[in-house]
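Below you'll find the structure, written out as structure tokens, and then a few comments.
Order of listing sets the numbers, starting from 1, for every ligand and every atom in it. Keep in mind that the numbers below use all heavy atoms, side chains included, and drop hydrogens, waters and symmetry copies.
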Amino acid sequence: DAQVEPDPSKKTLVILGTGWGSVSLLKRLDTENYNVIVISPRNYFLFTPLLPSCTNGTIEHRSIMEPIRTILRQKKARVKFYEAEASSIDPDRKVVRLTDTSEIRGDTTETEVPYDMLVVGVGAENATFGIPGVREHSCFLKEIGDAQKIRKRIMDCVETAAFKDQSLDEIDRLLHMVVVGGGPTGVEFAGELQDFFEEDIKKLVPDISARFKVTLIEALPSVLPMFSKQLIEYTESTFKEEKINIHTKTMVKKVTDKTVEAEVTRPDGAKETVVFPYGLLVWATGNSVRPVVQDLMSRIPAQANSRRGLAVNEYLVVQGTRDIWAVGDCAVAGYAPTAQVAGQEGNFLARLFNNMAKTEAIEAKIRELSSSLNLQPGNSAAVSREIEQYERQLRRLKDAKPFKYSHQGSLAYIGSEKAVADVTWFNGNLAAAGSLTFLFWRSAYLSMCFSSRNRLLVINDWLKAKVFGRDLSRE
Ligand code: FAD
Ligand code: NAD
């Protein structure tokens, strides 16, 4: 290794991923206690709650990215970062195999990193349920590249629909934006799409704009199932006003390059197949397990019954392992896969690891004092008092409470400057919706942005879009 050697007196802590879970851990971790190594194919943290706003240019993508090296530079002790994918984890040999999957590669593209302690925070993949055509023809909305691809495609559809001599049927198809999945990702994206259309496309491409249509398809009887009933109704009625077509009880079964085929359950229970021609298809049906996690689970007998990710105990230790913890969307701790949960789990692990290091330091101190007690019996009363003090500190540290998630509420933007919020308020629940909630949504997300640089850029983007309109150039 051409770089600085790890300190042999410290344990090596390897952290996989640079998302909500891992970065929250890094933010609070006292890096002086360990040789910390971060491995992720993405050299930045991404503030996902504003990702849907990047699909139409309300927010520019770099405003919600924070370089991991900037984050690591602020740590007291040096942290190593390798831009690579963890391709496999061997819990017996305690090594992580990593592969450089970026465009530019050196002579070494694969190697191993040994660990004493490992945190898996690799997130999840997009679920497709093996439905044919999804991977080939649709856009996902998880990473920054997905949002950029969608932004390009929306404008490509509009410009292609405006092409000379395009038939009306083809214009209708090209301007039909179909979103599959009525969870918060699908709903927020549909809202952003409608805003783009109402506020910008309509003005700038007026001749064909009447044919622009957004359809949201959901297999369950309603969208946003995690929100309270009144907010679901509010969202559905707002979408109706905005002319977003919602098709619930509609399960997509097949996707081709130009159509989506779905099975609709009618009120009498009868099933019928419907075909939706589309110009842009966005697939937002939730999460599935990443291959590296699947592989690790297959090596641990205690994980045999876990389907949705690494089952962890109340201290976030991966069940059936020692020295491996998991956070965020790849961990199954009994909570929803959200940034809020991942962030709190990361904070919890930082506290746990800081305490573990303190515990070890105190244990060493007690050992040292106890041996001095034997060597210098004259001082015994004072030393015994000191030992007792350390033992009290030790008991407090060892009395660490297990992880408990504290739900602050759910928020979602639904378009036309309206949002829905289910928030916890003085031990009760408060459901709110509308324009004021939208302002709350904006201020809440602004305060959650990673850095003041991000915050400033986001405010700038909001102002820019308001004053000058969104940018329709197709990069
Ligand atoms: P991620 O944040 O996805 O990070 C995973 C990290 O692991 C990434 O850095 C990735 O590059 C890296 N990685 C992947 N594979 C490997 C590998 N093999 N080896 C090493 N590293 C790897 N939640 C909310 O609470 N509120 C919201 O408003 C909200 N809005 C959202 C909007 C969108 C569009 C999306 C997609 C999600 C939203 N979520 C929201 C959910 C939230 O983003 C996730 O729950 C959260 O990102 C999970 O954090 P994580 O650290 O587990 O994973
Ligand atoms: P999700 O799992 O919440 O929703 C996916 C939806 O797709 C489900 O309602 C499901 O019934 C539907 N679906 C699945 N297969 C289908 C098919 N073949 N045809 C039609 N519909 C189908 O997924 P998400 O919206 O991507 O959210 C993922 C996680 O991220 C969740 O935990 C969510 O809470 C979180 N998130 C939160 C926010 C927010 O708080 N504002 C925003 C985005 C995501």
Ligand 1 versus [X], non-hydrogen atoms closer than 4.0 Å: side chain, backbone, both, neither?
X: P337; value: backbone
X: Y445; value: side chain
X: E188; value: neither
X: I39; value: backbone
X: V292; value: side chain

So between [options], whose heavy atom ends up nearest [atom]?
atom: atom 17 (C) of ligand 1; options: A86, S410, P49; result: A86
atom: atom 22 (C) of ligand 1; options: A331, P52, P41; result: P41
atom: atom 34 (C) of ligand 1; options: L50, V38, L25, L141; result: L141
atom: atom 45 (O) of ligand 1; options: T48, N287, I15, D329; result: D329

Select one of side chain, backbone, both or neither to describe which atoms of [X] lie under 4.0 Å from any atom of ligand 2, heavy atoms only.
X: P184; value: both
X: T48; value: neither
X: W441; value: neither
X: E188; value: side chain
X: F129; value: side chain
X: V223; value: neither

Residue [X] vicinity, atoms of ligand 1 by number, heavy atom under 4.0 Å:
X: T338; result: 23 (N), 24 (C), 25 (O), 44 (C), 45 (O)
X: E85; result: 17 (C), 18 (N), 19 (N)
X: G121; result: 5 (C), 6 (C), 7 (O)
X: R290; result: 14 (C), 15 (N)
X: G328; result: 52 (O)

Inset, instruction - Decide whether a cation-pi geometry holds between K27 and F450; the criteria are a distance under 6.0 Å from NZ or CZ to the six-membered ring centre and an angle within 45° of the ring axis. - result: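 Because its charged atom sits under 6.0 Å from the ring centre and within 45° of the axis, K27 does stack over F450.
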
Legend entry - Any non-hydrogen protein atom less than 4.0 Å away from atom 8 (C) of ligand 2: yes

Inset, instruction - Please indicate whether any nitrogen or oxygen in I131 is less than 3.5 Å from any nitrogen or oxygen in ligand 2. - result: no

Legend entry - Residue pairs involving residues 89-138 (criterion ring pair (Phe, Tyr, Trp, His ring centres under 6.0 Å); sequence neighbours excluded):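 Output for this query is empty, none listed.
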
Legend entry - Within-shell test, S410 vs ligand 2, heavy atom, strictly < 4.0 Å: no

Inset, instruction - Answer with yes or no whether F189 contacts ligand 2, where contact means a heavy atom under 4.0 Å from a ligand atom. - result: no

Inset, instruction - Kindly assign one of parallel, tilted or perpendicular to the pair Y335 and F403, based on the angle between their ring planes and the thresholds 30° and 60°. - result: perpendicular

Inset, instruction - Consider ligand 1: state whether an atom of it lies below 4.0 angstrom from any non-hydrogen atom of F189. - result: no

Legend entry - Main-chain N/O of V96 paired to E112 side chain as donor or acceptor, under 3.5 Å: no

Legend entry - Side-chain donor or acceptor of Y234 paired with backbone N/O of T238 under 3.5 Å: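 No; judged by distance alone, with no hydrogens or angles, the pair does not exist.
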
Inset, instruction - Could you tell me whether Y315 and W325 have their ring centroids closer than 6.0 angstrom? - result: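 Centroid separation for Y315 and W325: 6.0 Å or greater.
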
Inset, instruction - Report yes if some heavy atom in the side chain of S102 is under 4.5 Å from a heavy atom in the side chain of E83; otherwise report no. - result: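 Yes. Closest side-chain heavy atoms under 4.5 Å.
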
